[in-house]
Amino acid sequence: MAVITIDHAAEFVGDEVTVNGWLYNKRSSGKILFLEFRDGTGVIQGVLARADNPELFARADRLPRETSLTVTGRLRADRRAPGGCELDVERIEVIQEPTEPFPIELKEHTPNFLLDHRHLWIRTGRQVPILRVRDAVFRAVRGFFYERGFVATEAPILTGTSVEGTTTLFPVDYFGEQAYLSQSGQLYLEATAMALGKVYWIGPAFRAEKSKTRKHLTEFWMAEAEMAFYDHGANLALQEDLVRYVVTAVVDERSRELEQLKRDTAVLVEEVRTTFPRVSYADAIAILQDAGHDIQYGDDFGAPHEAALGDHFGKPVFIERFPANMKPFYMKRAHDDPSVVLAADLIAPEGYGEIIGGSQRVDTLEDLERQLAEYNLPAEPYKWYLDLRRYGAVPHAGFGMGMARLIAWICGVSHIRETIPFPRQINRLYP
RNA sequence: UCCGCGGUAGCUCAAUUGGUAGAGCGCUCGGCUGUUAACCGAAUGGUUGGAGGUUCGAGUCCUCCCCGCGGAGCCA
């Protein structure tokens with residue numbers, strides 16, 4: 001007899017199988033009992049008739065939700081069952097039976113209640129498929145970089161300096177010295193790229209901004225890449241390939257989960273099928289003004305502007321050539337117009353906003369020193385970073401991709417807090 | 001930090017002009033042979049976020065505070 005996982009149940013129709021899992025829900029009709037089991041890979045309905053086994057029926061009828069158990073039975077194809085097959089239950093071994101009702105009911109709850117019970121919420125409903133998609137997205141990103149010859153590396157989490165100087169950092173006491181949690185691994189990846197050529201990592205980033213939107217967490221995961229000998233154009237081409245690769249791979253691998261999430265994958269596939277437009281910041285401003293938005297050259301895009309640009313193109317769109325004063329000190333200026341930088345944000349469609357920010361980096365010591373001065377940044381903490389331009393500097397570029405926003409877009413969920421097991425937000429450090 | 005909305009039973013929400021605090025769900029008990037958040041019946045369940053004030057009387061009105069949600073700013 002096979003011990004199986006529920007996602008492979010259809011392959012064992014006709015067999016007697018065992019599933020290790022939990023009782024998700026049950027419905028009783030007096031002489032027939034429907035038991036929904038979950039095991040992390042999916043949910044399957046078990047059926048038990050009182051006439052077949054009165055002792056087991058009475059015992060199972062009393063089990064509360066989230067009882068951990070091992071269930072054995074014969075799999076049968078049945079179109080009435082969710083998932084296409086169901087289990088004729090023959091034996092149940094209870095591992096642990098809760099003595100209190102499971103707090104998460106299978107009905108509406110407020111976000112606050114659910115977040116307070118996040119450790120239990122993740123067992124239910126949409127949360128399991130979302131987290132399974134998250135796994136697939138991480139794996140697809142790693143697969144893409146591996147196939148392209150990138151070396152997986154790491155950047156430190158504990159840092160002595162800010163990367164960009166502007167964003168608020170989480171301070172940490174480091175043996176009496178002031179340290180911070182990293183807000184980005186970029187400067188370190190620039191150093192690593194000079195050692196290994198093309199590098200990437202997926203790591204956490206921390207921002208102490210008091211953001212309260214559906215697109216922000218204080219702790220979030222970024223996929224960052226840095227490539228020696230890449231210019232701005234090659235950088236964008238790589239980002240486009242990455243996004244198309246990940247979406248395509250995840251739609252293929254996690255079609256069942258995306259269906260459970262009621263995500264229209266045909267829309268998703270179409271959005272990444274053709275070339276992503278590249279629009280200058282100046283042209284994007286003009287598009288927004290034509291659409292009636294009150295925005296001027298030099299203004300940052302707000303959420304409504306990003307959504308409008310996404311709607312305008314109906315697919316991911318690069319906004320490039322931003323005014324230099326809107327962006328950090330390390331970005332390279334355009335050869336034909338020093339007032340703009342060779343940077344681009346990738347805006348996702350359907351209102352999901354910016355999912356990638358990247359740029360070609362300053363590659364001469366002279367320019368870097370000048371731009372540090374222009375931003376009123378002290379040279380001392382950046383001494384090692386300046387060294388990268390002192391010893392064999394080359395043109396190079398890179399980007400950071402917000403994993404949660406990417407996952408939210410792929411899943412079609414409106415708030416990125418559902419895309420990470422334990423979201424950290426302002427006022428939320430537990431569980 | 002700013003703007004808006006909210007806090008009533010374990011959960012989700014009602015409560016007219018200020019006049020006896022209620023329903024559904026959950027848990028428990030009973031019924032029901034194809035249920036899909038099953039359904040039907042019964043029972044259980046309250047310091048109305050906190051402090052102060054107005055009033056014969058406050059869930060309701062006033063002041064302050066706490067907490068949450070949505071958005072803005074900032075960013076990925």
Side-chain angles (χ1 to χ4, degrees), chain A residues 24-36 43-52 57 61-62 64-65 76 78-83 86 88 98-117 120-121 124-125 163-164 166-169 183-186 202-224 239 299-307 326-328 344-348 352-358 399-409 414-417 419-420 425-428:
Chain A
Y24 184 59
N25 195 21
K26 68 175 196 284
R27 289 174 286 275
S28 169
S29 295
K31 287 172 184 154
I32 186 166
L33 184 59
F34 298 97
L35 302 156
E36 281 187 302
V43 176
I44 192 169
Q45 176 163 284
V47 189
L48 185 52
R50 182 156 68 185
D52 292 345
F57 185 96
D61 197 26
R62 283 196 304 271
R65 290 181 54 222
R76 178 170 41 74
D78 194 317
R79 295 187 61 183
R80 291 171 296 187
E86 63 185 9
D88 286 324
T99 54
E100 294 173 57
F102 191 64
I104 313 294
E105 295 178 33
L106 299 178
K107 57 165 210 165
E108 296 258 345
H109 287 288
T110 54
N112 190 35
F113 179 83
L114 290 170
L115 287 165
D116 283 343
H117 296 82
L120 304 175
W121 182 25
T124 66
V163 169
E164 301 178 5
T166 54
T167 351
T168 319
L169 301 171
Q183 60 179 340
S184 163
Q186 183 205 309
I202 306 178
F206 306 88
R207 306 276 166 92
E209 293 287 343
K210 296 193 172 182
S211 298
K212 291 178 68 175
T213 79
R214 66 183 65 182
K215 296 189 181 72
H216 291 84
L217 301 171
T218 55
E219 175 185 300
F220 62 99
W221 288 73
M222 266 200 302
E224 296 182 275
Q239 293 169 37
D299 292 344
D300 265 316
F301 297 129
H305 305 126
E306 290 184 351
M326 292 172 60
K327 292 291 182 180
D345 291 348
L346 183 64
I347 309 292
Y352 286 94
E354 181 185 346
I355 54 174
I356 295 181
F399 61 89
M401 178 169 72
M403 296 298 286
R405 291 183 184 177
L406 176 66
I407 294 161
W409 169 44
S414 63
H415 203 303
I416 66 168
R417 67 187 165 209
T419 67
I420 185 169
Q425 300 174 277
I426 171 178
N427 298 333
R428 191 165 293 283

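Here is the naming used below: chain letters follow the sequence lines, and residue numbers restart at 1 for every chain. On a predicted model such as this, the values are computed, not experimentally measured, just so you know.
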Touch class at under 4.0 angstrom, heavy-atom based, for A:E86 against every strand present: base
Any-strand Watson-Crick or G-U partner of B:G30, both distances under 3.5 Å: B:C40
For B:U60, the Watson-Crick or wobble counterpart (both distances under 3.5 Å): none
Non-hydrogen side-chain atoms of A:M403 and A:P204 separated by less than 4.5 Å: no
Interatomic distance at C1', B:C61 relative to B:U54, whole Å: 8 Å
Min side-chain heavy-atom separation A:H415-A:P111 under 4.5 Å: no
Between B:G34 (P) and A:D78 (CG): distance, integer Å: 13 Å
Atom-pair distance (CG on A:L169; P on B:C75), nearest Å: 13 Å
Any-strand Watson-Crick or G-U partner of B:U1, both distances under 3.5 Å: B:A72
Sugar-phosphate only, base, or nothing, as touched by A:H415 at under 4.0 Å among non-hydrogen atoms: sugar-phosphate
Whole-Å gap separating P (B:C75) and CG (A:L406): 21 Å
Touch class at under 4.0 angstrom, heavy-atom based, for A:R417 against every strand present: sugar-phosphate
Selected nucleotide, minimal atom distance to A:F34 side chain, candidates B:C75, B:G34, B:G68: B:G34
OG1-CG distance between A:T110 and A:L115, expressed to the nearest 0.5 angstrom: 9.0 Å
Sugar-phosphate, base or nothing in reach of A:I104, heavy atoms under 4.0 Å: nothing
Protein-nucleotide distance (A:N112, atom CG; B:G49, atom C1'), rounded to Å: 12 Å
Atom-to-atom span, CD of A:E36 to P of B:A37 - whole angstrom: 8 Å
Side chain of A:R214 (C-beta onward), nearest among B:G70, B:C74, B:C69: B:G70
Test item: A:R65 and A:L106 side chains (from C-beta on) under 4.5 Å apart, heavy atoms: yes
Closest non-hydrogen atom pair, A:R207 against A:F220: CG-CE2, 3.6 Å
For atom CZ of A:R207 and atom C1' of B:C74, their distance in whole Å: 10 Å
Given B:C69, B:C75, B:C27, the nucleotide with the shortest approach to the side chain of A:E306: B:C75
With A:H216 via ring-ring contact (aromatic ring centres under 6.0 Å, His included) - residues at least two apart: none
Between CG on residue A:L48 and CZ on residue A:F34, distance to nearest 0.5 Å: 10.5 Å
Separation of B:U35 P from A:R27 CZ (nearest whole Å): 10 Å
Side-chain heavy atoms of A:E354 within contact of A:I347, under 4.5 Å: yes
Shortest non-hydrogen separation from A:H117 to A:P103 and the atoms involved: CD2-CB, 3.9 Å
Spacing of the C1' atoms in B:G26 and B:A9 (rounded, Å): 11 Å
Closest nucleotide among B:A76, B:C74, B:G68 to the A:D300 side chain: B:C74
Euclidean distance for P, B:G50 against B:C67 (whole angstrom): 15 Å
Pairwise distance CD(A:E306) to CZ(A:F301) - rounded to 0.5 angstrom: 8.0 Å
Atom-to-atom span, CD1 of A:I347 to P of B:C75 - whole angstrom: 13 Å
5'-most by nearest nucleotide on RNA chain B - A:R76 or A:H305: A:R76
Whole-Å P distance, B:A51 and B:A58: 15 Å
Side chain A:Q425 and base B:G68 donor-acceptor under 3.5 Å: no
Pairing partner of B:A23 (Watson-Crick or G-U wobble, both distances under 3.5 Å): B:U12
Inter-nucleotide C1' distance (B:A14, B:A23), Å rounded: 7 Å
Short N-O contact, A:R27 and A:E36, less than 4.0 angstrom: yes
Touch class at under 4.0 angstrom, heavy-atom based, for A:M401 against every strand present: nothing
Base-contact (B) and sugar-phosphate-only (S) positions in nucleotides 39-46 of chain B, heavy-atom cut-off under 4.0 Å, - elsewhere: --------
Euclidean distance for P, B:U47 against B:C11 (whole angstrom): 12 Å
Span that lies between the C1' atom of B:G52 and that of B:C66, in whole angstrom: 15 Å
Upstream residue (5' side of RNA chain B) when A:P64 and A:M326 are each assigned their closest nucleotide: A:P64
Face-to-face contact A:F220 to B:A76 six-ring, under 5.5 Å, under 30°: yes
Sugar-phosphate only, base, or nothing, as touched by A:A404 at under 4.0 Å among non-hydrogen atoms: nothing
Spacing of the P atoms in B:U44 and B:U12 (rounded, Å): 23 Å
CD on A:E86 to CD1 on A:I44, rounded to 0.5 Å: 8.0 Å
Touch class at under 4.0 angstrom, heavy-atom based, for A:Q45 against every strand present: base
Side-chain donor/acceptor contact of A:R405 with base of B:C75 under 3.5 Å: yes
A:Y352 side chain near A:L406 side chain, heavy-atom distance below 4.5 Å: no
Short N/O separations, protein against nucleotides 8-11 of chain B, under 3.5 angstrom:
unit_1	atom_1	unit_2	atom_2	d
B:G10	N2	A:E105	OE2	2.5
B:C11	O2'	A:H109	ND1	2.7
B:C11	O2	A:K107	NZ	2.9

Touch class at under 4.0 angstrom, heavy-atom based, for A:P204 against every strand present: nothing
